[in-house]
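Okay, structure first, notes after.
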Amino acid sequence: MKKFRTVALSVAVCLSTLGFAQVQERQSIITNDDGTVTFQYWNDNAKNVQVDVQFAGRKPMTRNADGVWTVTLGPVAPDMYPYCFVVDGVSIMDPLNPQYFPNEGFKNSLLEVKSKTGSLAHDIKDVPHGNVTYISYYSKSLGATNHAIVYLPPNYMMNYQKKYPVFYLISGTTDTEEVYYKVGRVNYILDNLLAEKAAKEMIVVLPYGNPAKLKFQGAPTTVPGATTKERSEEMARQMRFGGDVFSKDLIEDLMPYIEKNYRTINNREHRAIGGFSRGGNQALFNGLNNLDKFAYLCSYSSFTSMDIPGVYDNAEETNKKIRLFWLGVGTDDFLYGNARDYMEFLDKKGIRNVKEFTNDKFGHTWMNAKYFLDKTLRLLFNKKASEMAMEEGKPAPAATGKEQQFTPGVMARMFPKPIVSPEYAEDGITFRFKAAEADSVKLECEMLPELIPMERDSDGVWSVKVTDYLFEPFKYCFVVDGMQVADPSNMYLSPDKGFKYSFADNPSSPFNFASMGEMEHGSVSYDVTRGEAFYMSPMGGKPRMPVMIQLVPGEGDTAESWFKLGGADAIADRLLADGKTKPCVITTSTMDFAQQGGGMQMPGFKMNTLRADDYPTWSLRRRALVKLLIELGKQPDPEMPNFGGGFGGGNGGFGGGF
């Protein structure tokens, strides 16, 4: 079994050789030699276009002689900046940019201004890279399946005897578990630090900070009859201290899953927790309430409750338990006043801590989040370095009375009343979109031949109910005065190369994770630079060769499409749990593995291939995959390869005990 697990990972490495490159005739963003950035947008029907970018705010664009809307801004410091186009008052993602900001609400693209010297912490350098894997796990706290992302250091598979410390890293309000990966680039930051020997090897776990949204998006299956008000109240509870489902899920479900399935050192000296914005609040609150579990605490642009019994009023004992208490915030951050007040509170209570301030990263931004992350990764699980930092900690700056404070008014402005879309009910799915100035809004659905007109209410919210295809996942968007717009209220986007559709997936559908109940799940690893994905199913606890399936993306798809849109991992998990198929490996690599073989002797090897372009819709693609998996489940197990004695093992491996 140990040998097979080693080979399974070797299969993944061998399959990760060919990818795809997106070729675009049009360039929507051009970084110029003088440090400025030119934005371009094509829309012949638009009357007014602006670009809204984090380093410059909202700026008007003009139509040039070629009919292209354009503006040049800057110069700007190298970094990553969210942006969108505002077309006749409607915010849209850049339809030509494959990079986007994963979020529950707003839909922004990502501008990357690269460093010419390779000096940025998050630069993608020619160094060994760790593995980034998406996991699904059943949460008893939620009564539903939750998701997280796990980073494994480059040498994780080199020594099966070695165990690692774990850093739980949480994104901010409205962020998904992907943000510290796709925007915060924790994997590349840590890869670079490890190559420089400037950080300790560690596993990093990225939880989803708002699991109540997953739970309540399951209505009516998980919350029968839940109203919009009830959903909003549940969301509001996530902003309060303690008693929230995130904390319960983290401590009672996610942490045990990680410690069962990965080679971790399971004591407080080898656990850290940190986060940005709301994630910083969640990290500090859970860390301080569980000092028997965490010795390293990090807050990026945040603060937490000043009422935690047994912690603040027992400074001597608290200081003995905390190896690193690190707090960072920008002086131009809207949370600066609250964060400074919390720092001063800790100083007065005699709680040792480290403080870091910035004033050049546009406030409450992911530029700050990445900067703070780089600073703290160097200290985690390093007693000498963290103690030195704690000894050098400075007192909080004196209050001036002019500090920004996070008030209910700020909260209301940043997080307006939510629009629920899509809303699932037993008799249909309701879609909503706010566009008070629009003359026409229609719903475009993947499986419908015509656009469906929507009706506007007195608040400028357009809506329509679809009563067909209730249990069939599908792509959709809104067509606002002739322009395609993704649903800003739906956190799920179709990971297309060009325009990114929203994705409706009723939790009652048979292959939706939310409806699966308690069962084992496989994991999906993505290699964004090569454009490949790799899924490994649960192995069923005995040595066996998995069946091999190659899913070739279609034109316009990415490596993520077969999984995030096609549900390949959910389909395989469900059929395997039902005993209808065999353990399997699914890849989007186009490598001819039967010819390459990874240097292994594999008699009778067969790669079963499905090509997306052979099927006109995702519905048919899913059905083809279901049929293939069931057919493979009826065949004899593939013959185990001849390892030739060359794959020694140790404790752990791929899957359980990984």
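- D175 places a side-chain N or O within donor-acceptor distance of the main-chain N or O of G172, the cut-off being under 3.5 Å.
- Inter-residue side-chain proximity for C477 and F499 is flagged as met; some heavy-atom pair is nearer than 4.5 Å.
- For D459, the side chain to side chain contact (heavy atoms under 4.5 Å, CB included) partners at least two apart in sequence or on another chain are D457, V461.
- Put simply, the side chain of N490 reaches to within 4.5 Å of the side chain of Y476, judged on heavy atoms.
- A 4.5 Å side-chain heavy-atom check between I571 and R622 finds at least one atom pair inside the cut-off.
- The ring-ring contact (aromatic ring centres under 6.0 Å, His included) pairs that include a residue from residues 105-127 are F101-F106, where partners are two or more places apart or lie in different chains.
- For the residue pair Y208 / E104, a side-chain donor-acceptor distance below 3.5 Å is found, with atom types taken as modelled.
- For the atom pair W42 CH2 and L96 CG, the distance stands at 6.0 Å (nearest 0.5 Å).
- Listed for the T587 side chain is a donor-acceptor partner under 3.5 Å among the backbone atoms of A533.
- Not less than 6.0 angstrom separates the ring centroid of F503 from the ring centroid of W618.
- Looking at N103 and T174, their side chains do bring a donor and an acceptor atom within 3.5 Å of each other.
- Across all their heavy atoms, Y424 and N506 have their closest contact at CE2-CA, 3.6 Å.
- If you take CD1 on I149 and NZ on K182, they are separated by 8.0 Å, rounding to the nearest 0.5 Å.
- Although no hydrogens or angles enter the test, the distance criterion places a donor-acceptor pair under 3.5 Å between the side chain of S115 and the main chain of S119.
- Side-chain polar atoms of R621 and T617 form no donor-acceptor pair below 3.5 angstrom.
- Residue K114 qualifies as open at atom NZ: its count of foreign heavy atoms under 6.0 Å is 12 or below.
- D487 places no side-chain N or O within 3.5 Å of a backbone atom of S502 that could act as its donor or acceptor partner.
- Looking at every heavy atom in both residues, S171 comes nearest to V179 through OG-CB, 3.7 Å.
- Each of T70, N32, T31 was checked for a side chain to side chain donor-acceptor pair (under 3.5 Å) with T38, and the lone residue meeting it is N32.
- No side-chain donor from either of D79 and Y81 sits under 3.5 Å from a side-chain acceptor of the other.
- The pair D496-K475 counts as a salt bridge, with a side-chain nitrogen and a carboxylate oxygen less than 4.0 angstrom apart.
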Start with the C-alpha distance between N210 and R278, add both sets of side-chain angles, then the distance that settles side chain to side chain contact (heavy atoms under 4.5 Å, CB included), and finish with yes or no. CA-CA 10 Å; N210 187 23; R278 182 188 64 192; 3.4 Å; yes
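- The CG atom of L110 sits 11.5 Å away from atom SG of C84, with the distance rounded to the nearest 0.5 Å.
- Classification of the F431-F478 ring pair by plane angle, with boundaries at 30° and 60°, yields perpendicular.
- In the displayed structure, K564 atom NZ is contacted under 6.0 Å by more than 12 heavy atoms of other residues, nucleotides or ligands.
- No side-chain donor from either of Y336 and N359 sits under 3.5 Å from a side-chain acceptor of the other.
- Aromatic rings from F513 and H147 are positioned such that their centres are separated by under 6.0 Å.
- In this structure, L169 and V186 have side chains that are in contact, with non-hydrogen atoms separated by less than 4.5 Å.
- Note on E455 versus K465: no salt bridge recorded, every NZ/NE/NH1/NH2 to OD/OE distance being 4.0 Å or above.
- Counting heavy atoms from C-beta on, the side chains of L610 and L551 come closer than 4.5 Å.
- Looking at S302, its side chain does come within 3.5 Å of a backbone N or O of S277 through a donor-acceptor pair.
- Atoms CG and CD, from D481 and E437 in turn, are 10.5 Å apart once rounded to the nearest 0.5 Å.
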How far apart are the C-alpha atoms of V53 and F39, what are their side-chain angles, what is the distance that settles it, and do they pass the side chain to side chain contact (heavy atoms under 4.5 Å, CB included) test? CA-CA 10 Å; V53 59; F39 295 87; 4.1 Å; yes
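- The minimum heavy-atom distance between W462 and A438, with the atom names listed, is CZ2-O, 3.4 Å.
- Other residues, nucleotides and ligands place no more than 12 heavy atoms under 6.0 Å from the CZ atom of R611.
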Please assess L493 against K107 for the test side chain to side chain contact (heavy atoms under 4.5 Å, CB included), listing each intermediate value before the final yes or no. CA-CA 9 Å; L493 283 172; K107 300 293 181 283; 3.8 Å; yes
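- We find that D191 and R185 are not joined by a salt bridge, their nearest charged nitrogen and carboxylate oxygen being 4.0 Å or further apart.
- Looking only at atom types and distance, the side chain of Q40 has no donor-acceptor partner in the side chain of S28 under 3.5 Å away.
- Using a distance-only test at 3.5 Å, with no hydrogens or angles considered, a donor-acceptor pair links the side chain of S421 to the main chain of R432.
- The two residues V485 and S91 make their nearest non-hydrogen contact at CG1-O, 4.1 Å.
- Rounding to the nearest 0.5 Å places CZ of F511 at 11.5 Å from CG of D505.
- Between the N192 side chain and the I189 main chain, no donor and acceptor come within less than 3.5 Å of each other.
- For the 3.5 Å distance criterion, the side chains of T467 and D427 fail to qualify, holding no donor opposite an acceptor.
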Evaluate side chain to side chain contact (heavy atoms under 4.5 Å, CB included) for L111 paired with Q99, printing each intermediate quantity in order. CA-CA 8 Å; L111 161 68; Q99 294 193 73; over 6 Å; no
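- Using a 3.5 Å distance cut-off with no hydrogens or angles, the side chains of N97 and Y83 do pair a donor with an acceptor.
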So T62 and N64, side-chain hydrogen bond (donor to acceptor under 3.5 Å, both in side chains) or not? Walk me through it. CA-CA 6 Å; T62 57; N64 64 19; over 6 Å; no
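- Atom OG1 in T588 sits 8.5 Å away from atom OH in Y526 (nearest 0.5 Å).
- Checking side-chain atoms of S489 against main-chain N and O of I419 turns up a donor-acceptor pair under 3.5 Å.
- Within the 4.5 Å cutoff, the side chain of L443 has heavy atoms near those of the C445 side chain.
- Taking the six-membered ring where tryptophan is involved, the planes of H364 and F334 are tilted, since the angle between them lies from 30° to 60°.
- Counted within 6.0 Å of CG on D126, heavy atoms from surrounding residues, nucleotides or ligands total 12 or fewer; the atom is thus considered open.
- Counting heavy atoms from C-beta outward, Q484 and Y501 have side chains that approach closer than 4.5 Å.
- Residues N48 and D88 have side chains that never bring a donor and an acceptor to within less than 3.5 angstrom of each other.
- No hydrogens or angles considered: a donor-acceptor pair under 3.5 Å links the side chains of T609 and Q550.
- Under 3.5 Å, the side chains of S136 and T145 contain no donor-acceptor pair of N or O atoms.
- Across every non-hydrogen atom of K500 and K497, the tightest pair is NZ-O, 3.7 Å.
- Side chains of T358 and T331 form no contact here, defined as non-hydrogen atoms less than 4.5 Å apart.
- With hydrogens and angles ignored, the 3.5 Å screen pairs no side-chain donor or acceptor of R58 with any backbone N or O of D52.
- For S109 (side chain) and D94 (main-chain N/O), a donor-acceptor pair under 3.5 Å exists by modelled atom type.
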